[in-house]
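Lettering follows sequence order; numbering is per chain, from 1.
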Amino acid sequence: EVRELRIAKQYGLGYLPLIVIEEQRLIEKHARAAGLGDVKVTWATLGGGSATNDALLSGSVDFIASGVAPLIVLWSKTGGNVKGFAALDTSPLYLNTNNSAVKSIRDFTDKDRIALPAVKVSIQAIVLQMAAAKAFGPQNFDRLDRFTVSMKHPDAMAALLSGKSEITAHLTSPPFMFQELDDKRVRTVLNSYDVLGGPHTFNVIATTKAFYEKNPKLAGAVLAALEEADEYIRKNRKAAAELYVKASGTKESLTDVLSQLNNPALGYSTTPVNVARFANFMHQTGTIKTKPRDWKDLFFTTVHGRKGS
Amino acid sequence: MTALLDARTAAEPEAIGEIARPLSIGERLWNLGWLRKGFLLALLFSLWEWYAVRLDNQLVFPAFSATVQALGDALVNGGLVSSILVSLKVLLAGYGIGIALAALLAVTAIGTRLGNDLLDLLTAMFNPLPAIALLPLALLWFGLGSGSIIFVLVHAVLWPVALNAHAGFSGISPTIRMVGRNYGLTGWRYARHILFLAAFPSLLTGLRTGWAFAWRTLIAAELVFGVSSGSGGIGWFIYENKNQLEIAAVFAGLLTVILIGIGVENLLFRLLEQRTVLRWGMKQ
Amino acid sequence: MTALLDARTAAEPEAIGEIARPLSIGERLWNLGWLRKGFLLALLFSLWEWYAVRLDNQLVFPAFSATVQALGDALVNGGLVSSILVSLKVLLAGYGIGIALAALLAVTAIGTRLGNDLLDLLTAMFNPLPAIALLPLALLWFGLGSGSIIFVLVHAVLWPVALNAHAGFSGISPTIRMVGRNYGLTGWRYARHILFLAAFPSLLTGLRTGWAFAWRTLIAAELVFGVSSGSGGIGWFIYENKNQLEIAAVFAGLLTVILIGIGVENLLFRLLEQRTVLRWGMKQ
Amino acid sequence: MATAGTAPLLAVDGVTLQYRMRGHLVTATWRVSFQVRRSERLVLLGPSGCGKSTLLKAVGGYLKPVEGSITLDGKPVAGPGPDRVLVFQEFDQLLPWKTVRENVAFGLAAGRGIGRQEAVERAGEAIRKVHLEKFADAYPHTLSGGMKQRVAIARCLAMKPEIILMDEPFAALDALTRQRMQDELLELWDQARFTMIFVTHSIEEALLLGSRIIVLSPHPGQVREVLEVDPLAGPGRLNGADPEIGERIRRALFRDAAEYVI
Amino acid sequence: MATAGTAPLLAVDGVTLQYRMRGHLVTATWRVSFQVRRSERLVLLGPSGCGKSTLLKAVGGYLKPVEGSITLDGKPVAGPGPDRVLVFQEFDQLLPWKTVRENVAFGLAAGRGIGRQEAVERAGEAIRKVHLEKFADAYPHTLSGGMKQRVAIARCLAMKPEIILMDEPFAALDALTRQRMQDELLELWDQARFTMIFVTHSIEEALLLGSRIIVLSPHPGQVREVLEVDPLAGPGRLNGADPEIGERIRRALFRDAAEYVI
Ligand SMILES: Nc1ncnc2c1ncn2[C@@H]1O[C@H](COP(=O)(O)OP(=O)(O)OP(=O)(O)O)[C@@H](O)[C@H]1O
Ligand SMILES: Nc1ncnc2c1ncn2[C@@H]1O[C@H](COP(=O)(O)OP(=O)(O)OP(=O)(O)O)[C@@H](O)[C@H]1O
Ligand SMILES: O=[N+]([O-])[O-]
Ligand SMILES: [Mg+2]
Ligand SMILES: [Mg+2]
């Protein structure tokens, strides 16, 4: 098995378990326990999903943290050579608007623009399509697509809060959706948990089949580290928040971070939830060509024993 | 043009004519620029194919053949043609405005000391700024859509073109400047009749650099400014396909940019060069 | 240097000396380049402040004063200094390699017809490609980290510098070329002693453009390539602060780039220009 | 120094010209004074580097005196203009992007406001006068040194300026062509009676072309001698120039070099 | 045409030189043949544009004949080299980034492989010979036309090449300076006995400097007359040149212009 493990994470509170693992050297610990000796773990923080994909596919890293929808695309395009390794977090996504005339997604007009990270393939875009399918009928799933605009979260948030741009709505994730709601003009018109009828996984950890098969012990160590980190966060909210503030160098206050961690809708768990719903929908709309048999198809055997969906 | 062969010559004027050294077929073929370049191009594309096949990782670096196939597909079904047109329209607008502003700035700079300082300063300040730095202002002033992209393109084109134009103007031989002034030319007439032509080699380099950077920026900007789906250009085409991991299509988009680049270089810049600086002996 | 004033003059050689037209204080101050530029800079910054205050939208366009404050903060506490150092190190590596390759390419191009075609072709093909197009190859060859960023920087620097160098070489007066050849200089000696110096005005423009585009690309690339082993550059600094909506800090990062740009322009390029092409009368 | 009669067209009064370099000044001419009357043909003679070209450029309006004044028709010279056309000493004075014909025609069109059609016609005429009709459509970089200078001369003469300023225009010409050009110039003067300042280093040429000759000292240039070649004699072929005046010029020029006094 | 005795150092044999332009050819010289013996001082005379400079550049190795051959010591001339140093007709032949001293020294260091120190010393000497010691540290763009040409002459002479090729080197010089340079050149020749091809348009200069004079026809240049100035007479001041040879040259040069035959 390899002596060096390379992991790419992204920026934000969603990646907290990975930060805990990095700070507390949990993989090193579990690798040693598994008899692998001293494994070196290298961490990289990347600025976006596209770079993360490239990093994995070019063999520059072994594990990546990725959104659910990009994982499904990766799985489909690689013919199952890239799969989820474990879920990372569960989180709702809010569609916020500053347009007082919009009470539900039915009220959007040509004057409105909905910002989201990437049209068609981001989890936000899929959620919006699912909501549209519910509201306007399955064949009209893309009715709202023409209002959508690809924008990075902070740019979209600045645009929404400035109130002077064409951007009147933003389908986004923590912490941006909470920060937006601090502004009295902004309201939530859609919650992804309502669309899916319950919580769903937001980000996952993924790796390649080749790596997974050649490094079973190391994979076990990574899973163990993830479990321990999730456990740690659940039990030591305050300490985890402090660790996040210190390690990420964020300027958010500890109170803000803590209140987000305390939000019951958010959670950290390795068990995938509602992933198959996304995959099936994406297959129905033609975004992916192959349909997974069930959620286990999308994940390595690591988490097959869980009560996932 | 045997008329040039003066009849005043001493002996047997008829005997003085063109002496063509016979060239072998090989030499003659080698003299054809497009053939040499075609050969090089074929070589580069073969190298691409070879490396990609050896690498065998279509999701990172697809083969040339797969790219060409994806290109054909995209041209026929994938709406690449309309993407190209959208991109070209925006590109030309940004390029044109950028060049016009650069000319204005460079002429001001050559005419007045304060203008010179201003160009110096503005170039030093803004040239190193990436397009994303302009994002907030662009959105503020032009909103979503091509207005903002044009603004960013102008930024990409303006500084290198102005820099080259100004350097070109400053390098004009004092004699030529004096000749121009001698005709009483001043201001824009002086710029048009003397500066622009005398600095043409530098201007051409500026135009080439500006053109390339307009493309680079356009593709990056189309991602950032995320045009509402549907009406995107090549950048958008690349971005969408990248998100969907249609890497062959991504490379098809890039190949399109490359082919347009080669086309513009050889059909526009090279021709322009031949009809100007090369003919005028200002460049070897 | 009154030694230059020849004693062979007809009458009263002592009387021939320096005649200094008295200048008013205003004129004398105005003659100080740094003062004029400082004045312009102050004007631009005031304009920024005024517009930002009028706009009153700190999330989109913070005031100059707020930016300066954020800059001070970031320098003292925010680790901006180390970010600057990280960025500069990578930047200089990419810039240096890019220039060296450009020189090699341009010299080959001036020496052989096939080299000329190759430069033409490569520039036309690669110059318009955005850095993201190279991402997969960069990752394949160099993995995550500064290797890839340097690769992308080389791409940003290489083509514009090579273009300017080649144009500069081609524009050298035939007489100067012949003089160089007359000394029996060939190959690199000819390039070093004749081509590089005779084309120096163009080379300087190329270096300036390359420098600016290295910055632009660095900042964009740092976002994409992120940080490994905890040491991000200015690009990452901007990205992080943007994510936290610390827009004043974002602008502080950009202001840093601007200030470095002004510094390098005035302390390096301008000085270099004064000691070379201006002193040699190759530029007015 | 002014001769009584007509008021001077051009007055150069105590003119010192300097080049400001980094760290030091180079004085090109020192308190030079002379006047040029209308229709006069003034020749400037002097050693290499004495400031002849610089003086001509100052009259052309390209350089401002650091001391003294240059006035034209009583008004100080403010800048260059098409009323004073210069033939420069340098070979690169043609616009490389124009053919021989276009170079000459452009001078007429831009400097004299003559219509395109007429300018081209008059250009053709001027080009014939310098015997370059076969090269009318050639670009300057394909011409020999002497041919380039002839184009510049044609351009200047075609423009028919009030004052012609010529800086060693015939230096690159062979004996025959030179003789032809000299005759051409005098013939033209006979018709148009322009005013001319002519720099040369050939004493014979000075005697042939000048109605007055100014000899300058070595660097920095000062007026050393002013010789009036009887203007009433008018232009005409001085077969083997006036020996007495030639002698005076030689003495003035060679004063500093005892071994060369002839 | 070769005179018996020493084998020729340089043989120009039926040389036609052409410039290939877009769409047409310009023939500069047509089947020109001559030979230059070691230590000979060959002067080329001919009308403006007849191909003198082109011929010199071909001997310098910059242009390949389209017909005929140029051989040096029996071997065909393959390219430029420091054994044949050219003084060009153009004023821009100095390297602008080097001072006068550096320009001269660089020729010695680069072309002759002489050490830096010695090169600078020998450069100083050469600069003194052209009377520019006061401007040794000046950059070329601050020099007058004649001064620039003198630097080029100094650079060439300092290099002491086997063959010196000079293209109207003295055209921009005043009478006194010119005389001095001519003397300097002959004196140097007396010491070093180099071979020289010298282009001029002054018949007097040709008679003074040449041991043989070749007169070329107008464009395109062909050999019209070869005149042997008695080489045994050696160099020396020909006070008012041999009138008979001068007459022959004039006749050859002016043949096409009846009105100018003198
Ligand atoms: N651009 C310049 N910068 C600085 N000094 C200059 C410049 N041009 C000329 N000079 C200096 O001014 C003096 C006069 O030069 P000028 O060209 O007027 O001489 P000239 O009489 O025309 O000589 P020549 O007969 O050789 O052409 C010289 O000492 C020269 O070095
Ligand atoms: N670079 C060139 N390209 C094309 N034609 C040229 C070039 N240089 C010279 N010619 C042509 O070649 C012929 C001879 O030119 P060359 O310069 O050899 O004449 P020259 O005898 O030196 O004249 P001059 O005494 O005027 O210097 C002329 O007709 C000229 O037009
Ligand atoms: O150049 N001259 O023939 O005097
Ligand atoms: Mg002069
Ligand atoms: Mg010549």
Side-chain angles (χ1 to χ4, degrees), chain D residues 19 21 26 28 45-54 88-92 130-132 134-135 138-139 142-150 167-168 170-181 183 200-204 206 216 218-219 239 249-250 253-257 259-260 262, chain E residues 19 21 26 28 45-54 88-92 130-132 134-135 138-139 142-150 167-168 170-181 183 200-204 206 218-219 239 249-250 253-257 259-262:
Chain D
Y19 291 99
M21 318 291 298
V26 176
L45 263 176
S48 170
C50 77
K52 304 180 293 295
S53 299
T54 306
F88 294 88
Q89 188 177 6
E90 283 78 19
F91 291 132
D92 65 345
V130 295
H131 305 286
L132 283 173
K134 298 245 164 65
F135 291 88
Y139 283 97
T142 68
L143 303 181
S144 78
M147 288 155 82
K148 282 180 199 161
Q149 293 312 81
R150 280 187 277 158
D167 197 350
E168 309 190 17
F170 303 152
L173 301 183
D174 64 286
L176 174 59
T177 311
R178 188 173 195 147
Q179 232 165 281
R180 280 175 168 163
M181 298 303 316
D183 288 355
T200 182
H201 43 65
S202 157
I203 297 168
E204 293 71 34
L216 295 172
H219 172 84
N239 241 326
I249 294 176
R250 234 164 245 115
L253 272 177
F254 290 22
R255 187 197 294 173
D256 311 298
E259 76 270 38
Y260 282 100
I262 291 172
Chain E
Y19 291 99
M21 317 293 298
V26 176
L45 262 176
S48 170
C50 78
K52 304 180 293 295
S53 299
T54 305
F88 294 88
Q89 188 176 6
E90 284 78 17
F91 291 132
D92 65 343
V130 295
H131 306 285
L132 283 174
K134 298 246 163 66
F135 291 89
Y139 282 96
T142 67
L143 303 180
S144 78
M147 288 157 80
K148 282 180 198 161
Q149 293 312 82
R150 281 186 277 157
D167 197 350
E168 309 191 15
F170 304 152
L173 301 182
D174 63 286
L176 174 59
T177 311
R178 189 172 195 149
Q179 234 166 278
R180 280 175 168 163
M181 297 304 316
D183 289 353
T200 181
H201 43 67
S202 157
I203 297 167
E204 293 72 36
H219 172 84
N239 240 326
I249 295 175
R250 233 165 247 114
L253 271 177
F254 289 23
R255 189 197 293 174
D256 311 299
E259 77 270 37
Y260 283 99
V261 174
I262 291 173

- Message: Need one label for Thr200(D): side chain, backbone, both or neither, based on atoms under 4.5 Å from any heavy atom in chain E.
- Response: neither
- Message: Donor-acceptor pair, distance only, cut-off 3.5 Å: does the side chain of His201(D) make one with the backbone of Ala171(E)?
- Response: yes
- Rounding to 0.5 Å, atoms NE2 (His131(D)) and NE2 (His219(E)) come to a distance of 15.5 Å
- Task: Could you look at Ser144(D) and say if it's the side chain, the backbone, both or neither that has a heavy atom under 4.5 Å from chain E?
- Result: side chain
- Task: Sequence neighbours left out, what passes side-chain contact (heavy atoms from CB on, under 4.5 Å) with Gln149(E)? Give chain and number order.
- Result: Phe91(E), Gln93(E), Ala172(E)
- Task: Under the side chain to side chain donor-acceptor pair (under 3.5 Å) rule, collect the residues that match up with Ser53(D), sequence neighbours excluded.
- Result: Gln89(D), Asp167(D)
- Query: Which of these, Pro218(D), Cys50(D), Pro47(D), Ser202(D), sits in a side-chain contact (heavy atoms from CB on, under 4.5 Å) with Asp174(E)?
  - Reply: Pro47(D)
- Item | Identified side-chain contact (heavy atoms from CB on, under 4.5 Å) counterpart of Ser48(E) within the set Met147(D), Met181(D), Arg178(D) | Met147(D)
- Approximate separation, where rounding is to 0.5 Å, of Leu176(D) CG and Leu45(E) CG: 12.0 Å
